[in-house]
Amino acid sequence: MATIRFKALGELLSRKPVAVSIPSNKVTDYYGDLVFNTDSMRKYLSKEAFKAVIDANQNGGAIDRKMASGVAAGMKAWAIENNVTHYTHWFQPLTDGTAEKHDGFIDYGDGGHMIENFSGDLLTQQEPDASSFPSGGIRQTFEARGYTAWDVSSPAFIVGTTLCIPTVFISYTGEALDYKTPLLKALAAVDEAAVGVCQYFDKNVTKVHTNLGWEQEYFLIDEALYQARPDLALTGRTLMGHSSSKDQQLDDHYFGSIPERVTNFMMELELECHKLGIPVKTRHNEVAPSQFELAPIYEEANLANDHNQLLMDVMKKVARHHKFRVLFHEKPFAGINGSGKHNNWSLGTDTGVVLLAPGKNPKGNIQFLCFVVNTLMAVYKNQDLLRASILTASNSHRLGANEAPPSIISAFLGDEVSKMLDKIVEEVGERKMTPDEKTALKLGIGRIPEIILDNTDRNRTSPFAFTGNRFEFRAVGSSTNNAAAMTALNAAVAVQLTEFKNAVDFLIEEGIKKDEAIFQVMKKMIIESKPIRFNGDGYSDNWVEEAKERGLTNITSVPESISKYLDPEAKKALVGSGVMTNKELEARVEVEMEKFTKKIQIESRVLGDLAINHIVPVAVAYQTKLIQNVQGLRDIFDNGEFEEMAGARKDLIRQISNHISTIKAKVIGMVAARKECNMIEDATESAFAYDKNVCHYLDEIRYHIDKLELVVDNEMWPLPKYRELLFNN
Ligand SMILES: NC(=O)CC[C@H](N)C(=O)O
């Protein structure tokens, strides 16, 4: 009997919801308790130190050494009062997670005795030995130094007994080795470019911030079953498993009543999030059985992203208290819904205007349309860059099915905004507009708010959908760091807004009035970017054809998509906006290529192991039982009767034999292919080779294993089945 599987199922039967105690009925009583936020800063910092942090936060300036010492002292006092013993620079290397090295507050004091020390220098900068993080060749192991430097715009927080200081991570020579640095630069770039455009409409605007509201989808699997699936534990997804007879066909999980064990997990998670100042608000069952979603209120994008990274970490810990494992993989189970991390993106001014929401008057609406059109244009020109920022080994399994967008990048606007754009094209002529024409157009534009509020349609197959006051970048995968997508998008929009402004300024210099210049440039852009607008079904075969005719790209290969980071248009966005240097971009491509290769390599090794050591022996054992059974029948029945009775069984023996032989042959082929790929030194070539020569084996081997699962005795099957994994809470 398959002991681990049945033991795990036995454990499942004894699970009880784990009780959670909430300190108060009012979230506001404990919200942000573990954050060094303005309230705690006011209490623990001198007036000057407080002002220095707020200034640096709002205006992006640096904090001088003296001030930093004051801030560190206040932060330490606050932390110690909260039972903190260690501090860490918390950063986001180019891996799938965050990094932290804890140091105690202890140090020798003047007389050689122990003191609690945390200086300004330790707060602002550290020099971790960085040789083991991916760097894409920027940092050789013999120059292992990397620096972490305090990101003042994201507040310090406490996890357990450790004070965490959000930092950027850069090499000795100044290149970014993390996700945060380029994101901060992209946010600054879009701020500058957007302020320039806003100035056409309101001279009081001096800052534009990017808002991000992510939606985190995930699966929860009982820990005993998870442990009995080495593929889940090592790769985050099931590399095999026949679909369950019932999964999501009846649409009965989505928004269904949340199981009690899961509710308790969610309660504890929300409690931890709220103490950490993560404004999580929404929770619900997602489409697939055992799939859930959690979403916060939107925040400034850098903070929102730190919070998402922190959340993923907290989720893993809290899940363990409830004897669950959380799966962030985009497609842990073939054939049913995968998990996205939809990024709701918008821009807002320091005067309180949401730039992607319709305005209150014609002027506000023209500004709104300007930002919509520039965003469309940026997406149109940067389809390949945006795809490169989201298409990973794991996300590639998700795209194109089950409400995840396809890999053709397009933008959904809804009928009403589309009509508005078409109207601009129709009504803005080549020659100068008459005052009456302008008034008519502006009046039409003035009607936008009512129209949109009633028509915020949704399109789940769109990678980039307008939803009334923001765009939802739906293609982003659940396991990734949002910063990659947000860096690409904001950099692309920044470059686009600058081009727009240059074009408008040029016309103004030629003597054309500002509003007409804006209309003329918008018209051109609406026409040029039209191919990116698509409100229809992103899954239809027609769309694949039509997209091709429109000249849109459709790339499903991960290495091919990553390599587009180095195309001129992508470089223009990332390097042109000052977000990355050429060297950093090339390094990033190398890191992403290596990540792809390694993930496939690991999957291939795990599958080979499971196929040969778990599945084939069981299939052989079952086949032997069948053979013995057939032999027994032959012993007791005469020939005619025997043939009639054993015919089907003999067929089954043959079928099992075929599957076993094919699996064995394919595993041998896969290992040989891997060996060849591993000889290739160049990261890009190796990734392409893995994609072409190894990936297909994963599907082929799985096919035969899944067929065996259908025929082998259930008592003998070693791995928990889909029905057991999916209906376990
Ligand atoms: N209802 C939904 O929005 C499902 C989204 C889907 N899970 C995705 O992969 O993006």
Side-chain angles (χ1 to χ4, degrees), residues 212-221 236-238 243-244 247-258 262 280-296 298 308 311-312 315 326-345 386-387 389-412 414 456-468 470-482 484-486 489 534-539 543 556 558 561 722 725-726:
L212 167 63
W214 41 263
E215 298 164 21
Q216 179 72 56
E217 297 182 335
Y218 61 97
F219 280 80
L220 276 182
I221 303 298
R237 74 174 178 118
T238 52
S243 58
S244 167
D247 44 52
Q248 61 185 43
Q249 304 93 320
L250 301 177
D251 299 321
D252 50 357
H253 186 68
Y254 191 55
F255 285 11
S257 113
I258 305 173
V262 177
V280 294
K281 184 177 168 77
T282 307
R283 63 187 192 201
H284 61 82
N285 285 4
E286 248 311 316
V287 176
S290 286
Q291 191 188 22
F292 305 93
E293 175 176 319
L294 153 142
Y298 69 84
N308 180 253
L311 167 103
M312 290 169 80
M315 276 174 91
V326 51
L327 307 182
F328 287 121
H329 194 287
E330 284 80 358
K331 199 79 173 177
F333 302 97
I336 55 172
N337 267 56
S339 299
K341 180 143 59 193
H342 309 160
N343 276 211
N344 290 282
W345 169 87
L386 292 177
R387 187 189 301 104
S389 76
I390 57 102
L391 189 55
T392 57
S394 49
N395 205 13
S396 67
H397 295 284
R398 161 183 169 252
L399 297 187
N402 301 108
E403 298 176 294
S407 49
I408 305 167
I409 300 288
S410 65
F412 167 87
T456 43
D457 211 356
R458 288 278 182 130
N459 184 331
R460 296 197 187 278
T461 65
S462 178
F464 199 77
F466 181 67
T467 56
R470 60 189 185 273
F471 278 95
E472 185 182 355
F473 193 4
R474 292 180 61 83
V476 186
S478 50
S479 72
T480 44
N481 187 318
N482 289 318
M486 285 294 105
L489 176 62
F534 178 62
N535 289 346
D537 175 6
Y539 294 162
W543 172 229
T556 49
V558 179
S561 169
Y722 266 29
L725 292 167
L726 291 172

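All figures in this text were calculated on a predicted structure; none of them were measured in a lab. Start at 1 and go down the list; that is how both ligands and their atoms are numbered.
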Enquirer: Just by distance, do the side chain of Glu286 and the backbone of His284 share a donor-acceptor pair under 3.5 Å?
Expert: no
Enquirer: Looking at Tyr539 and Glu403, would you say the former's side chain and the latter's main chain have a donor-acceptor pair under 3.5 Å?
Expert: yes
Enquirer: Taking the six-membered ring for Trp, are Phe471 and His342 ring centroids under 6.0 Å apart?
Expert: no
Enquirer: Could you pull out all residues at least two apart from Lys331 that satisfy side chain to side chain donor-acceptor pair (under 3.5 Å)?
Expert: Asn402
Enquirer: Does any N or O in the side chain of Glu293 come within less than 3.5 Å of the main-chain N or O of Glu217, such that one atom is a donor and the other an acceptor?
Expert: no
Enquirer: Are there any N/O pairs under 3.5 Å between ligand 1 and the protein, and if so, what are their distances?
Expert:
{"residue": "ligand 1", "atom": "1 (N)", "partner": "Arg460", "partner atom": "NH1", "Å": "3.3"}
{"residue": "ligand 1", "atom": "3 (O)", "partner": "Arg460", "partner atom": "NH1", "Å": "2.8"}
{"residue": "ligand 1", "atom": "3 (O)", "partner": "Arg474", "partner atom": "NH2", "Å": "3.2"}
{"residue": "ligand 1", "atom": "7 (N)", "partner": "Glu217", "partner atom": "OE1", "Å": "2.7"}
{"residue": "ligand 1", "atom": "7 (N)", "partner": "Glu217", "partner atom": "OE2", "Å": "3.4"}
{"residue": "ligand 1", "atom": "7 (N)", "partner": "Gly338", "partner atom": "O", "Å": "2.8"}
{"residue": "ligand 1", "atom": "9 (O)", "partner": "Gly338", "partner atom": "O", "Å": "3.4"}
{"residue": "ligand 1", "atom": "9 (O)", "partner": "Arg398", "partner atom": "NE", "Å": "2.7"}
{"residue": "ligand 1", "atom": "9 (O)", "partner": "Arg398", "partner atom": "NH2", "Å": "3.4"}
{"residue": "ligand 1", "atom": "10 (O)", "partner": "His342", "partner atom": "NE2", "Å": "2.8"}
{"residue": "ligand 1", "atom": "10 (O)", "partner": "Arg398", "partner atom": "NH2", "Å": "2.7"}

Enquirer: How close do Ser389 and Ala485 get, heavy atom to heavy atom, and via which atoms?
Expert: OG-CA, 3.5 Å
